[in-house]
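What follows is a single structure, written as structure tokens, with notes after it.
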Amino acid sequence: MSDSKPHDELETLRHSCAHLMAQAVQELFPETQVTIGPVIEDGFYYDFSRDQAFVPEDLEKIQARMKEIAAQDLKIVRHEISRAAAIKKFDDMGEKFKVEIIGAIDDDEPLSVYSQGDWSDLCRGPHVESTKQIKVFKLLHTSSAYWRGDERNPVLQRIYGTAWNTEKELRVYLKRLEEAKKRDHRKLGKELDLYSVSDEIGPGLILWHPKGARIRHLMEDFWKREHFKNGYEMVISPHAAKIDLWKTSGHTEFYKENMFPNMNIEGKEYVMKPMNCPFHIQIFKTKLRSYRDLPLRFAELGTVYRYERSGVLHGLLRVRGFTQDDAHLFCRPSQIEEEITRVLELIISILQSFGFFEYKIYLSTRPEKYVGAEESWDDATKALENSLRKKKLDFEVDPGEGVFYGPKIDIKIKDSLGRHWQVSTVQVDFNLPERFNISYIEEDGQRHQPIMLHRALMGSLERFFGCLIEHYAGAFPLWLAPVQVILLPITDKHADYANKLAQRLEASDIRTEKDLRNEKIGFKIREAQLQKIPYMIVLGDKEVDSQTLAVRKRRSKETRTLDFDSFLGELKSSIDSRRIDSES
RNA sequence: GCCAGCGUAGCUCAGGGGUAGAGCAACUGAUUCGUAAUCAGUAGGUCGGCGGUUCAAUUCCGCCCGCUGGCUCCA
């Protein structure tokens, strides 16, 4: 089986490698049935039907067998086969999943079988010519998956692997995996004392430790300043509301499976909020709005609670309570494009400030099931598209992938390891204005329904923080570093000078720590380095005598001797410009 | 939630049917030192929880909780 994308050479190799693996598995474990084995980013997987799961030792055996089969130089041959013959062939082999696959293929599409030695598989191809060409590969891990991704279907055993043209490419890839492991925000979160989750509190609920919270405050402060500058007003809403609000909004109908169950307060049902929008709408509704008031931009760092199945929780990236950097814009239809453009500008500017310069942007259009008039959808989609073009942002259209209430733009950031994370989103909403029956008075003196836009830039602060940790491998740029400077006196004779400097730095809003412990300087440097503190200041007799600082940066071993003012000047210029360079 | 694996000191991990061990961290003392680990000592654990098997369970079994890798979904 294969996906429908055109195959490049490496994909063909990987696909053939998946076949090679399937052959090895069936030779070693004859009771196993094959299903599908597509190419994925950086490798491939194959789903097998088998009662027992594969264990790591099995992977070694399978991999060894693959090497043997590859060495046999089996020619990989394609033949077309009639539908009836195909069904009979795979039915005889007891491959009931393959039979099912054939049943799902269009009648007019030719069926092909690829054989290598006595092993064959239904497959569209293409494949390499011989098993011998598959030299560089490694099986990575196993997991389970449902047949066709549906949990009502049988459970399959999946094996993931990777294949490359050269040993060197494989080594580079494995190195990248290792690097990603080192940068894992869960590992760094512990090592740098940024956050934790507690069994006693509950899974998916984050405790921000002082250093993590420090960064969060910096993120929030920056975010708020930028929003005030850009014509937003801050609102604050509670964490729970009566169930009726969510009935009106439609959440109990469309979002129920993601909501925390109701709680009963004096006989009334309340629910933790999974979104902020209904609250902002209530604020909009507290008075009669004129077209002169629009656009109205309500922003909130709003903490929401969503039920996520326990198995999907993941560090900071997938949690049950998180804070969205949310905003809802109410505008006239003619203002959509301008507003979207402004949102896009703000998104790009903020993401760049945090060090993300590459994006993948998706425009999702009307799905099959939708609310609102077709014409409004077309206009809004056009407005989104125009804004993207005006800002010269490359994007892909995801046809029919919009949410039922309106078209949207999603933005994924690319981190320093080339991984993509969904963060920003801008969505047009035709549903809530209708459900809550909101209106404003137009120039014509009549009530009109405003257009409502939802948008988030960082998405969730938790997730964004997780991305930041991994993007910087914990070595935050100076403006974000929880501790910016650490003072390291060589002996306790120099402690007074350190205290004095600390005071002066703190008075200038520099986040400063001092290490007055009775330890050798090498030890203090090592710890500061492991804590990824941007600036280490060594203070000994020389510095005290000359009233200077021996400055060592986290990324270089060189030290420079600076006076206080020029050191402070260097810090300030980096902080004020939110510099993201490898040096700071 | 489902499949698989894991859960031993604050952290990283070893061990294993006869009620536990290392390194780092913590604490105490000595050392006052110039750019990635100074030395010595002390203390620290109902071996995730609850049941079961057994003369005896941290070890074997069951259930529960949590974590990890996936499946599905999404900020």
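By convention in this document, chain letters (A, B, ...) are assigned in the order of the sequence lines, proteins followed by strands, and residues within each chain are numbered from 1.
The aromatic rings of A:H185 and A:Y195 sit parallel, their planes meeting at an angle under 30°, below the 60° perpendicular limit. Ring geometry, A:H328 versus A:H280: the interplanar angle exceeds 60°, so the pair is classed perpendicular (tilted spans 30 to 60°).
Ion pairing of A:K360 with A:D410 is absent here, as no side-chain N (NZ or NE/NH1/NH2) approaches a carboxylate O to less than 4.0 Å. Look at A:K524 and A:E513 and you find no salt bridge, because none of the NZ, NE, NH1 or NH2 atoms lies under 4.0 Å from a carboxylate O.
Taking the six-membered ring for Trp, A:H420 and A:F356 have ring centres at least 6.0 Å apart. Between A:Y160 and A:Y45, the distance from one ring center to the other falls under 6.0 angstrom. Taking the six-membered ring for Trp and the full ring otherwise, A:W246 and A:Y255 have centroids separated by 6.0 Å or more.
Nucleotide B:U35 holds its P atom 17 Å from the CG atom of A:L530, rounded to whole Å. Rounded to an integer number of Å, the gap from A:W421 CH2 to B:C74 P is 18 Å. Per the geometry, CZ belonging to A:R517 stands 13 Å off C1' belonging to B:U38, to the nearest Å. For the pair A:D515 CG and B:U32 C1', the interatomic distance rounds to 14 Å; values are reported in whole Å. Taking atom NZ of residue A:K187 and atom P of nucleotide B:C11, one finds them 14 Å apart after rounding to whole Å. Summarising the geometry, the separation between CZ on A:R526 and P on B:C24 is reported as 11 Å, rounded to the nearest angstrom. A:Y307 has its OH atom 12 Å from the C1' atom of B:U72, to the nearest Å. Across the protein-nucleic acid pair, A:E519 atom CD and B:G29 atom C1' stand 13 Å apart, rounded to whole Å.
Here CG of A:L453 is found 7.0 Å from CD of A:E339. Values are rounded to the nearest 0.5 Å. With rounding to the nearest 0.5 Å, the separation of CD1 in A:I347 from CD1 in A:I413 is 11.5 Å.
In this model, the phosphate group of B:G34 is not approached by any side-chain N or O of A:R552 to a distance below 4.0 Å at OP1 or OP2. Residue A:K524 places none of its side-chain N or O atoms closer than 4.0 Å to OP1 or OP2 of B:G34.
A:E257 comes within contact range of no nucleotide atom at all, as no heavy-atom separation falls under 4.0 Å. Within 4.0 Å (heavy atoms only), A:Q529 reaches at least one base atom of the nucleic acid. Using a 4.0 Å heavy-atom cutoff across all strands shown, A:A528 reaches no nucleic acid atom at all. A:A456 comes within contact range of no nucleotide atom at all, as no heavy-atom separation falls under 4.0 Å. Using a 4.0 Å heavy-atom criterion, one finds that A:E543 contacts the bases of the nucleic acid, with or without backbone contacts as well. Heavy atoms of A:D541 sit under 4.0 angstrom from at least one base atom.
The A:I525 side chain lies nearest to B:U35 when the options are B:U38, B:A75, B:U35. Closest contact between the side chain of A:F523 and the listed nucleotides B:A75, B:C3, B:A37 involves B:A37.
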- Message: The test is side chain to side chain contact (heavy atoms under 4.5 Å, CB included); show your working for A:M219 and A:M458 and say whether it passes.
- Response: CA-CA 10 Å; A:M219 292 163 67; A:M458 298 185 265; 4.0 Å; yes
- Apply the test side chain to side chain donor-acceptor pair (under 3.5 Å) to residues A:Q157 and A:D47: give CA-CA distance (whole Å), side-chain angles for both, the deciding distance (0.1 Å), then the verdict. CA-CA 6 Å; A:Q157 304 301 330; A:D47 283 346; over 6 Å; no
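RNA chain B lies under 4.0 Å from at least one heavy atom of each of the following residues of residues 457-465 of chain A: A:G459, A:S460, A:R463. Taken residue by residue, residues 405-412 of chain A places no heavy atom nearer than 4.0 Å to RNA chain B. Across residues 206-223 of chain A, not one residue has a non-hydrogen atom less than 4.0 Å from an atom of RNA chain B. A heavy atom lying under 4.0 Å from RNA chain B marks the following residues of residues 484-497 of chain A, by number: A:I490, A:T491, A:D492.
Across all their heavy atoms, A:H227 and A:L346 have their closest contact at NE2-CD2, 3.8 Å.
Taking the ring axis of A:F48 as reference, the NZ or CZ atom of A:R50 does not stay both within 45° of it and closer than 6.0 Å to the ring centre. Both tests do not hold together for A:K532 against A:F476: distance to the six-membered ring centre under 6.0 Å, angle to the ring axis within 45°.
For the P atoms, the distance from B:C47 to B:U19 is 14 Å, rounded to whole Å.
Applying the 6.0 Å contact sphere to CD of A:E31 captures more than 12 heavy atoms from other residues, nucleotides or ligands. Heavy-atom neighbours of A:D545 CG from other residues, nucleotides or ligands within 6.0 Å: above the threshold of 12.
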- Item | Dot-bracket summary - RNA chain B, pairs being Watson-Crick or G-U whose distances fall under 3.5 Å, with | when paired to another strand | (((((((..((((....[..)))).(((((.......))))).....(((((..]....))))))))))))....
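Nearest-nucleotide positions on RNA chain B for A:G540 and A:V319 put A:G540 closer to the 5' end.
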- 5' to 3', nucleotides 60-71 of chain B under a 4.0 Å protein heavy-atom cut-off (B base, S sugar-phosphate only, - none) gives ------SSSBBB
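Side-chain to base pairing of A:E308 with B:A75: one donor and one acceptor N or O lie within less than 3.5 Å of each other.
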